[in-house]
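Atoms within a ligand are numbered from 1 in the order they appear, just like the ligands themselves. Reckoned from all heavy atoms, side chains included, excluding hydrogens, waters and symmetry mates.
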Amino acid sequence: MIQLAQPIIGDDEVDAVSRVLRSGALAQGPEVAQFEAEFSSAVDGRACVAVNSGTSALHLLLLAFDIGPGDEVIVPSFSFAATANAVALTGATPVFADIDLESLCLDPEAAERLLSPRTKAVMPVHLYGHPADMPRLRQLCDTHGILLLEDAAQAHLAAVDSVPVGALGDGAAFSFYPTKNMTSGEGGMVVVADDEVARRVRLLRNQGMERRYENEVVGFNLRMTDVHAAIGRVQYRKLCEWTTTRRDNAARLTAGLRGVVTPMERQGFRHVFHQYTIRVADGDRDEFAETLRSRGVQCGVYYPTPIHLLPSFSFDLQLPNTEVAAQTCLSIPVHPALSSVELEAIIESVNAVAGELS
Ligand SMILES: Cc1ncc(COP(=O)(O)O)c(C=O)c1O
């Protein structure tokens with residue numbers, strides 16, 4: 001079976017973890033501080049605060065901007081539930097907007113239609129590694145004096161006009177879950193432009209204290225450990241090369257695939273292909289996926305149910321593009337551990353299934 005995702009863990013990661021374990025200092029410490037400083041170079045030097053997951057990063061990002069009960073945050077429904085969960089966990093209301101069917105990211109016009117006096121922020125997702133339409137969303141947010149936040153969980157090193165995601169909005173959250181473009185085991189990073197907001201994130205991460213036993217606000221324990229930061233630091237050094245390989249693999253897939261809708265890359269945007277997601281426009285996507293698996297190619301549906309229709313939300317809304325995407329999207333392998341032979345096998349299998357089932 002050709003795997004859909006494959007975290008690449010080598011001796012460097014093992015050595016880094018051993019070093020931390022042998023040091024005896026396992027909790028948040030110097031490795032976390034180093035990881036934050038190093039990751040800052042991926043986001044134009046903005047302040048970075050490492051936490052224990054991407055979900056925590058989103059949650060603290062929203063809280064640090066004082067988002068809470070009575071506020072609304074516009075998000076896409078076509079995403080992982082964490083995007084909306086983080087909003088709901090602050091006590092604010094997620095307001096679900098439709099996507100555009102080309103980029104599969106938040107549609108700025110749909111977002112605009114949902115603005116209300118309670119809207120505090122718009123939080124697009126750079127889905128599958130393709131940046132949302134940040135230039136138009138920036139304009140929208142500036143016109144209405146609201147925050148633009150980025151769910152960059154899937155989009156490390158993606159960019160718009162050479163400005164990296166994480167540096168395009170007022171703040172952003174990244175995930176380092178094992179299947180992401182780089183991992184720390186579990187982990188996340190909050191990125192903000194404003195040092196005072198970064199300080200609030202640091203307080204909320206650590207029981208509300210910067211100095212021991214001087215708790216300034218009520219906070220959580222959402223710290224990253226030095227063990228995880230050590231893995232993240234090694235992986236970050238390889239991220240550029242892995243991203244180039246992902247993009248090369250994607251270009252090869254796009255050149256070879258027939259009979260399915262291949263992913264687009266908007267002019268001036270840099271897609272980092274966390275997922276290579278085709279759309280099965282003719283025929284049944286789930287049958288397509290099963291047939292592809294039976295030929296030895298692992299594939300996945302991200303996401304079969306739009307967030308607004310999950311039992312945890314159950315909002316009665318019409319989001320036509322979101323529903324089409326949920327019924328037709330299928331992610332196939334693109335990760336940097338794929339061999340040339342495997343890439344050819346994926347192309348051959350997808351084309352054969354498309355021919356059989358159309
Ligand atoms: C779009 C999106 N947002 C948020 C998250 C949450 O990240 P984590 O799993 O690290 O909590 C993920 C990752 O799964 C994601 O894909």
Side-chain angles (χ1 to χ4, degrees), residues 4-5 7 32 35 39 48-63 73-90 94 96-97 99 103-106 121-132 134 137 149-158 165-166 168-169 171-191 201 204-205 220-225 228-229 231-232 235-236 246 263 271-277 300-308 310 312-313 322 325-326 329 331 334-335:
L4 181 56
V32 169
F35 185 30
F39 194 79
C48 292
V49 186
V51 290
N52 64 348
S53 74
T55 308
S56 299
L58 286 169
H59 189 197
L60 293 194
L61 174 70
L62 294 159
L63 289 175
V73 178
I74 297 175
V75 292
S77 179
F78 192 56
S79 179
F80 183 53
T83 308
N85 286 349
V87 175
L89 286 168
T90 68
F96 295 107
I99 53 169
S103 73
L104 303 168
C105 294
L106 185 68
V122 179
M123 189 163 75
V125 179
H126 305 310
L127 197 72
Y128 307 139
H130 187 285
M134 296 302 281
L137 289 167
L149 304 176
E150 305 172 66
D151 182 337
Q154 304 184 356
H156 321 68
L157 300 187
V165 306
L168 293 162
F174 289 84
S175 164
F176 303 121
Y177 184 75
T179 55
K180 297 295 192 279
N181 289 20
M182 61 166 282
T183 185
S184 60
E186 288 266 13
M189 193 72 82
V190 184
V191 175
V201 176
L204 290 167
R205 165 179 72 174
F220 304 86
N221 171 2
L222 299 176
R223 297 183 300 257
M224 178 181 274
T225 71
H228 292 91
I231 302 171
Q235 294 256 313
Y236 180 59
R246 279 180 185 273
H271 195 331
V272 293
F273 293 97
H274 167 56
Q275 299 289 352
Y276 185 96
T277 302
V301 176
Y302 308 110
Y303 299 89
T305 309
I307 305 174
H308 73 281
L310 291 170
S312 46
F313 286 98
T322 296
C329 279
S331 298
V334 72
H335 59 80

Those residues that, when tested against Arg205, pass salt bridge (charged side-chain N to carboxylate O under 4.0 Å, His left out) (two or more places apart): Glu36

For Tyr177, is the OH atom crowded, meaning more than 12 foreign heavy atoms sit under 6.0 Å from it? no

Plane angle bin for Tyr236 and Phe39 - parallel if under 30°, tilted between 30 and 60°, otherwise perpendicular: tilted

Find out whether Leu104 and Cys329 are in side-chain contact, i.e. whether some heavy atom of one side chain is under 4.5 Å from a heavy atom of the other. yes

Present, as a list of atom pairs with distances to 0.1 Å, all nitrogen or oxygen contacts under 3.5 Å between ligand 1 and the protein.
unit_1: ligand 1; atom_1: 3 (N); unit_2: Asp151; atom_2: OD1; d: 3.3
unit_1: ligand 1; atom_1: 3 (N); unit_2: Asp151; atom_2: OD2; d: 2.8
unit_1: ligand 1; atom_1: 7 (O); unit_2: Ser175; atom_2: OG; d: 3.4
unit_1: ligand 1; atom_1: 10 (O); unit_2: Gly54; atom_2: N; d: 2.8
unit_1: ligand 1; atom_1: 10 (O); unit_2: Ser175; atom_2: OG; d: 2.7
unit_1: ligand 1; atom_1: 11 (O); unit_2: Gly54; atom_2: N; d: 3.3
unit_1: ligand 1; atom_1: 11 (O); unit_2: Thr55; atom_2: N; d: 2.8
unit_1: ligand 1; atom_1: 11 (O); unit_2: Thr55; atom_2: OG1; d: 2.5
unit_1: ligand 1; atom_1: 14 (O); unit_2: Lys180; atom_2: NZ; d: 2.9
unit_1: ligand 1; atom_1: 16 (O); unit_2: Gln154; atom_2: NE2; d: 2.8

Parallel, tilted or perpendicular: which fits the ring planes of Phe273 and Tyr276, with parallel below 30° and perpendicular above 60°? parallel

Could you pull out the closest heavy-atom pair between Met123 and Thr83, with the gap in Å? CE-O, 3.6 Å

